Colleague: 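Pasting in a structure now, in structure tokens, and then I'll have a few things to ask.
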Protein chains: 2
Amino acid sequence: MNRKVSAITTEIFPSDMRTSLGRNLTYGMLDVIGRSIVIGEYDNVAFPTEAELARQHGVSRAVTREAVKMLTAKGLLSARPRQGTIVQPQSSWNLFDSDVLHWLLERKFSVELLRHFNQLRVAIEPEAAALAAMQATDAERAAIGAGLARMVAAEAGADNTLAADIAFHVAVLEGSRNPFYKQFREMVASALATSIHFTNRIKGRTASIEDHRAVYDAILARDSDSARCAMRRLISDVLILIGEAEVTAKP
Amino acid sequence: MNRKVSAITTEIFPSDMRTSLGRNLTYGMLDVIGRSIVIGEYDNVAFPTEAELARQHGVSRAVTREAVKMLTAKGLLSARPRQGTIVQPQSSWNLFDSDVLHWLLERKFSVELLRHFNQLRVAIEPEAAALAAMQATDAERAAIGAGLARMVAAEAGADNTLAADIAFHVAVLEGSRNPFYKQFREMVASALATSIHFTNRIKGRTASIEDHRAVYDAILARDSDSARCAMRRLISDVLILIGEAEVTAKP
DNA sequence: GTTCCTATATTTATCATATCTATCTGACTT
DNA sequence: AAGTCAGATAGATATGATAAATATAGGAAC
């Protein structure tokens, strides 16, 4: 399943956005160690020294140090002479970093993570829709419309449902004309990619095209309040589904 | 003014959270180059090669590569053999990285940036307050109350107004019990640190303790809707002030 | 003239080794 | 008990050599 998610997100986003493909030794090592840390492999054991890491992975210390430095930049590690390299608490991880996000999703698929994602989406996306309604350019409005059109096409089997859904939501974020909102593209894409498989399993959720159209119409009409409400309804539905799933999954 | 902001944020957050103090050559270089990129120093000129960078800064290639790798991890650079190292478009910068955030604020103080900050806050914080109302622990609720108490004390000159304000808002984020929301501590702190000086200049904005108390009371009463509204009101006020400032600043 | 291939130069990537610097530990001094 | 010093440890830095990737130009084939 992770493979599939990864395949779809790379369809949406150019591969350049993923820094950590096994392009070379440094990035390969970054990926391996990053994943290990996120899994929790070093939770109760001391993190190896630089020299030991290099030996374990069969690479030079230079490569090791570069990988460690990148993980430090992402908030997973910190290094000091004599003290050694230590794993940072999860609270200081850069959760909006695409690598960290991918490692988290690969780790173990948890409903809790999905809920956290969508608790964030329900804050971000309605407001993004409201901003888009007020200040999106014509081209950006057109992109949102194109996303909706793709969803309609997907309904008829002429497009990928997930990709279309992502395209719509990303277009709304872009329409906000706020660089901070745009940062959430990856997160929203990941959330949708994981939740679509999940919610389909819970309930035969028909892709709610009408709800999406309501958002689009409000944005087109420059009605920011309606846009906010429509988007909020859309994501609240997902949150409710997740909540139900958690309750039924407990016993 | 940047110095002051930095001093206050380091009062709030332990220095460990700031990765890029001039602790050593690598971090010093990271800071210098990162700032240069954000300023736009390389916008129309080719970024130097690894060897050239090392020469310019008087350090070894190893140090240079480590600094470049960290900037790559933060989304500011990308490097490929033969092509060289190139500055990435701003859209791929990791805006929630604390270093990037600091460089952005140091750059030039722009009202636009402040507006973008608060457009994000108006999405995040009301929802965080709503979540906190529903699921914050007793200790977390107490922390929010402590933040409010500090604001009251600051009113009487017994505490720092800004630090108290930040403590309150950060406590609400912590109360959300969602790791993604907690990531915004730095952003909110930076936004408050810059906006407090700014809004004071625009208007004799008395620290709106009553508005903050309304948020706290709602959270304590586990009334998520009221908490959301109260927090939204709080931040909307700031957004309006910024909007007015932009209009008057235009001509 | 256009397309395709290939040689070459350039730049990052990697390795190996030596040395420096920070800092924890414990012994020694006062 | 407090302060000082020496040793040990782990990251930090420097250097020089080599490998791998790839943009570009020049030439071959059509």
Side-chain angles (χ1 to χ4, degrees), chain A residues 14-34 36-37 42 45-88 92 99, chain B residues 14-34 36-37 42 45-88 92 99:
Chain A
S15 60
D16 277 15
M17 294 194 66
R18 275 290 280 151
T19 48
S20 70
L21 253 136
R23 285 209 304 259
N24 55 37
L25 292 183
T26 304
Y27 284 99
M29 193 172 190
L30 166 71
D31 206 50
V32 170
I33 301 181
S36 302
I37 293 173
Y42 298 107
V45 294
F47 196 82
T49 65
E50 209 174 88
E52 176 62 15
L53 263 185
R55 198 193 57 71
Q56 285 177 4
H57 292 81
V59 294
S60 70
R61 278 187 68 192
V63 167
T64 305
R65 283 183 57 81
E66 286 169 16
V68 166
K69 276 280 144 62
M70 293 185 79
L71 287 164
T72 303
K74 292 172 188 297
L76 303 199
L77 291 176
S78 97
R80 288 173 59 191
R82 173 75 212 209
Q83 184 192 36
T85 308
I86 56 179
V87 175
Q88 294 293 103
S92 60
D99 288 324
Chain B
S15 60
D16 278 15
M17 295 193 65
R18 274 291 280 152
T19 48
S20 69
L21 254 136
R23 286 208 304 257
N24 53 39
L25 292 183
T26 304
Y27 285 100
M29 194 174 189
L30 165 72
D31 205 50
V32 170
I33 301 181
S36 302
I37 292 173
Y42 297 107
V45 294
F47 196 81
T49 65
E50 209 174 86
E52 176 62 14
L53 263 185
R55 198 194 57 73
Q56 285 176 4
H57 292 80
V59 295
S60 71
R61 278 189 62 203
V63 167
T64 305
R65 284 183 56 81
E66 286 169 15
V68 166
K69 276 279 143 61
M70 293 186 79
L71 287 164
T72 304
K74 292 172 187 299
L76 303 199
L77 291 177
S78 95
R80 288 172 60 190
R82 171 73 212 210
Q83 186 194 40
T85 308
I86 56 179
V87 176
Q88 294 292 102
S92 61
D99 289 323

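In what follows, chains are A, B, ... by sequence order, proteins preceding strands, each numbered from 1. Here the structure is a predicted model, which is why all the values come from computation and not from measurement.
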Colleague: Tell me: CZ of A:Arg80 to P of D:dT9, nearest whole Å?
Modeller: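 About 19 Å, once rounded to whole Å.
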Colleague: Among the nucleotides D:dA12, C:dT12, D:dA14, which one has an atom lying closest to any side-chain atom of B:Ala79?
Modeller: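 Looking only at heavy atoms from C-beta outward on B:Ala79, the closest nucleotide is C:dT12.
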Colleague: Sort out for me which residue in A:Leu71, A:Val87, A:Thr85, A:Ile86 forms a side chain to side chain contact (heavy atoms under 4.5 Å, CB included) with A:Ser78.
Modeller: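 Between A:Ser78 and the candidates, side chain to side chain contact (heavy atoms under 4.5 Å, CB included) is satisfied uniquely by A:Ile86.
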Colleague: Measure CG/B:Leu77 against P/C:dT12 and give the value in whole Å, please.
Modeller: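 Rounding to the nearest Å, CG of B:Leu77 and P of C:dT12 are 11 Å apart.
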Colleague: Closer than 4.0 angstrom, basic N to acidic O: yes or no for B:Arg55 and B:Glu52?
Modeller: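 Salt bridge present between B:Arg55 and B:Glu52.
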Colleague: Please walk me through it: do B:His57 and B:Val63 pass side chain to side chain contact (heavy atoms under 4.5 Å, CB included)?
Modeller: CA-CA 10 Å; B:His57 292 80; B:Val63 167; over 6 Å; no
Colleague: Do any side-chain nitrogens or oxygens of A:Arg65 fall under 4.0 Å of OP1 or OP2 in D:dA12?
Modeller: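 Affirmative; the distance criterion is met.
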Colleague: Expressed as a whole number of angstroms, how long is the span from B:Arg61:CZ to D:dA17:C1'?
Modeller: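 After rounding, the gap between these two atoms is 11 Å.
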Colleague: C:dT11 C1' sits how many Å from B:Lys69 NZ, rounded?
Modeller: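 Atom-to-atom, B:Lys69 to C:dT11, this comes out as 12 Å.
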Colleague: When the distance from CG of A:Leu25 to C1' of D:dA20 is rounded to whole Å, what number comes out?
Modeller: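 Nearest whole value for this atom pair: 11 Å.
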Colleague: From D:dA14, D:dA12, C:dC15, pick the nucleotide closest to the side chain of B:Val59?
Modeller: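 The nucleotide sitting nearest to the side chain is D:dA14.
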Colleague: Check the distance between C:dA22's C1' and B:Tyr27's OH and give it to me in whole angstrom.
Modeller: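 Going from OH in B:Tyr27 over to C1' in C:dA22 covers 14 Å.
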Colleague: Please confirm whether the shortest side-chain N or O distance from B:Thr49 to OP1 or OP2 of C:dT10 is below 4.0 Å.
Modeller: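 No, no such contact exists.
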Colleague: Pair B:Asp99, B:Tyr27 - check side chain to side chain contact (heavy atoms under 4.5 Å, CB included), show working.
Modeller: CA-CA 11 Å; B:Asp99 289 323; B:Tyr27 285 100; over 6 Å; no
Colleague: Let me see the working for B:Leu76 and B:Tyr42 under side chain to side chain contact (heavy atoms under 4.5 Å, CB included), right down to the final yes or no.
Modeller: CA-CA 11 Å; B:Leu76 303 199; B:Tyr42 297 107; over 6 Å; no
Colleague: Give a yes/no answer on whether the side chain of B:Thr85 brings an N or O atom under 4.0 Å of OP1 or OP2 in C:dT11.
Modeller: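 For C:dT11, OP1/OP2 do not have a side-chain N/O of B:Thr85 under 4.0 Å.
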Colleague: What is the distance from CD1 of B:Ile86 to P of C:dT10, rounded to the nearest Å?
Modeller: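 Value for this atom pair: 20 Å.
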Colleague: Separation of A:Glu66 atom CD from D:dA12 atom P, in whole Å?
Modeller: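 The distance from CD of A:Glu66 to P of D:dA12 comes to 13 Å, rounded to the nearest Å.
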Colleague: Is the phosphate of D:dA14 approached by B:Ser60 (side-chain N or O, under 4.0 Å from OP1 or OP2)?
Modeller: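 Answer yes for this pair, as a side-chain N or O of B:Ser60 is under 4.0 Å from OP1 or OP2.
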